[in-house]
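Residue numbers run from 1 in the order of the sequence given.
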Amino acid sequence: MKTAAYVEILDREGALLAAAAEAAGSDAEVPTCPGWQVRDLLRHTGTIHRWAAAFVAEGHTGPRPEGGLPDLDGAPLLDWFRQGHGRLVDTLAGAAPDVRCWHFLPAPSPLAFWARRQAHETTGHRFDAESARGGAPTGVGVDFAVDGIDELLCGFHARPKSAVRSEEPRTLRVRATDAPDAVWTVRLSAQPPVTVRDGAGDADCELSGPAAQLYSALWNRRAFPEVTGDGSLAALWRERSGVT
């Protein structure tokens, strides 16, 4: 996907998140984030938006702390969130393609990284806001869902931080049933997972279903559409795949 497409998705998803949060109210519990209320979701996501925008806008070349959460609630908190989201969208849309700044996953460029990461970050939290509001969640496109699965498996869980490990070598397969060649083989061991984009060989467990459902399930926002084989690997993913 191109950077402009990510920015367009980020723009839409942030607006949907704010609308769902407003409808739910800041006291509403967030079922997909146990222990959180909508105010926590808005404070967290708004802080991340400002943190991400600063790397691109100010050209920071090393990691920086995210900054403190705002002491806001209700309508002022929603306004604060919308302002930060709009600033992030404008920053990414207006940045030079060759801007240099820190980023933490492999990417064609820093700008491509931040546009992709914030599009997926905001989509995940939009799903959270809609879970608090109730009703059916807004759908996502197949290509974007496949891209998000790829970022999670081949990016986040290739890092030393990944806790998805097994003392005994095991193989987990992830298959999107509505996208050609959207299949990943995740080899688990006592080391960080190693993921390849293919379906060769046997697997101990396969997680399958439409890309959009797999996308949200792998981010632990819903149940896996279908699990075949050793279900303990699906449970292992649920217990240990949280991203930090």
Handout entry: Stacked cation flag R222 on Y215, 6.0 angstrom / 45 deg
Key = no
Handout entry: Lys/Arg N to Asp/Glu carboxylate O, R12 vs E8, below 4.0 Å
Key = no
Handout entry: Pair E151 + R117, salt bridge at N-O below 4.0 Å
Key =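 R117 and E151: salt-bridged.
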Practice task
Is it possible for you to say whether L153 and F113 belong to one hydrophobic cluster, with membership spreading through side-chain heavy-atom contacts below 4.5 Å?
Solution key: yes
Problem - Same apolar cluster: V56 and V89, side chain cutoff 4.5 Å - result: yes
Handout entry: Under 3.5 Å: donor-acceptor pair, side chain of R126, backbone of G124
Key =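 Judged by distance alone, no pair lies under 3.5 Å.
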Practice task
Kindly state whether the ring of H60 and the ring of W51 have centres lying under 6.0 angstrom apart.
Solution key: no
Practice task
Examine W36 together with H44 and report whether their ring centres are nearer than 6.0 Å.
Solution key: yes
Exercise for the section: Just jot down the salt bridge (Lys or Arg N to Asp or Glu O under 4.0 Å) partners of R170, sequence neighbours excluded, or say none. Expected result: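 With neighbours one apart ignored, the set is D204, D230.
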Kindly compute the distance separating [atom1] ([X]) from [atom2] ([Y]), expressed to the nearest 0.5 Å.
X    : Y    : atom1 : atom2 : result
L111 : T3   : CG    : OG1   : 5.0 Å
C33  : F127 : SG    : CZ    : 10.5 Å
S189 : R165 : OG    : CZ    : 7.5 Å
L207 : L233 : CG    : CG    : 8.5 Å

Practice task
Establish, from distance only, whether the side-chain atoms of D202 and T171 form a donor-acceptor pair under 3.5 Å.
Solution key: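 No, no side-chain donor-acceptor contact under 3.5 Å.
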Practice task
Any chance you could pull the hydrophobic cluster mates of V196, using side-chain heavy atoms under 4.5 angstrom and chaining through other members?
Solution key: none
Exercise for the section: Could you give me the CA-CA distance, side-chain angles and deciding distance for F81 and H49, then say whether side-chain contact (heavy atoms from CB on, under 4.5 Å) is met? Expected result: CA-CA 9 Å; F81 172 84; H49 284 169; 3.9 Å; yes
Handout entry: Within residues 80-108 or reaching into it, pairs that qualify as side-chain hydrogen bond (donor to acceptor under 3.5 Å, both in side chains) - sequence neighbours excluded
Key =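 Checked against side-chain hydrogen bond (donor to acceptor under 3.5 Å, both in side chains) - neighbours excluded - the pairs reaching residues 80-108 are E22-R82.
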